[in-house]
Amino acid sequence: MTPDSFRNPGLWCDFHRDHGHKTKDCIALRIEVNELLQKGHLREFLSEKATAHLNKETTGKSKGAAPASPPRQDRVIHVISGGSEVSGVSHTAAKKSTRTDEKSFTAKEQEKILAPHHDALVISLTVANCLVKRILVDNGSSSNIIFQMAYQDLGLEESTLTRKVTPLIGFSGEVKKTAGEVILPVYAEGVNMSTKFLVVDCQSAYNMILGRPWIHDMGAVPSTLHQMVKFPTPWGIRIIRGDKENSRSCYHTTLKGKTKVL
């Protein structure tokens, strides 16, 4: 997590009413404005050129949704490791594209990974315009989770939190109730997605957990063995590599009993 001291006090965002980045660079604001434009709002503030472009884009989407258009093909995923190949079919969130993208993991991609290992996949991403480290990518989690301390360190106001209590069941069967939920922009290699997180008030070696909702919405395929996650974008397959140092640091912290991870 980027500490408050790292945030540039010379940059001010009117949308967040906080320092750290300029209003014109605010990802969350861009997402909100784009959603309002798609719903037909704020168009009176657009220039003629921007209005024509938006109308053209809307018309193109309408034509693409016509019954005569061919059905979208599911992406085929090829996972290759140690000379063996396992194939499967995965639905993807990149609904604009109908082409087939292949995601593969090869033995060559393991060359820089010290093996054998059992490390979890821990990555860093830009969330709400801040660089957040120690994010666990977890296929076993049915929810995306942000821990209370990380939520506060992001400088988010309590008013942005939706007070909706959700019970979570831990490894040993204990039930932990969430403090609420929040939608935050998560930026990953050119893809910016509004993501719902459950806010949990407990200690953790991690700042966040990206579970199946984020993984599936991104059309992503994570590999703990190769310490990377791959996902489709309009520019081809993109890769986010794991941070083994933070992964092992979180693991040792958990072993020492200093944290309780749901």
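Without hydrogens or angle criteria, Thr126 side chain to Asn129 main chain gives no donor-acceptor distance under 3.5 Å. With hydrogens and angles disregarded, a donor-acceptor distance shorter than 3.5 Å links the side chain of Ser204 to the backbone of Tyr206. Without hydrogens or angle criteria, Gln227 side chain to Thr224 main chain gives a donor-acceptor distance under 3.5 Å.
In this structure Arg212 satisfies the side chain to side chain contact (heavy atoms under 4.5 Å, CB included) test together with Asn139, Ser142, His216, sequence neighbours excluded. Listed by chain and number, the residues in a side chain to side chain contact (heavy atoms under 4.5 Å, CB included) with Ser159 are Glu157 (sequence neighbours excluded). Partners of Ser141 by side chain to side chain donor-acceptor pair (under 3.5 Å), not counting sequence neighbours: none found. For Glu158, the side chain to side chain contact (heavy atoms under 4.5 Å, CB included) partners at least two apart in sequence or on another chain are Gln148, Tyr151, Leu161, Arg163.
Rounding to the nearest 0.5 Å places CD1 of Ile209 at 9.5 Å from CG of Asn144.
Applying the salt bridge (Lys or Arg N to Asp or Glu O under 4.0 Å) test to pairs two or more places apart or on separate chains, those with a residue in residues 223-240 are Glu109-Lys230.
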Output a table of donor-acceptor pairs, distance under 3.5 Å, between side-chain atoms of residues 191-199 and any protein atom two or more places apart or on a different chain; print 'none' if there are none.
| unit_1 | atom_1 | unit_2 | atom_2 | d |
| --- | --- | --- | --- | --- |
| Thr195 | OG1 | Met193 | O | 3.2 |

**Asked** Given the rule in the side-chain contact (heavy atoms from CB on, under 4.5 Å) test, do Val137 and Ile215 qualify, once you have shown the distances and angles that lead to the verdict?
**Response** CA-CA 8 Å; Val137 180; Ile215 294 171; 3.9 Å; yes

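For the residue pair Arg134 and Cys250, the shortest heavy atom distance occurs at CD-SG, 3.6 Å.
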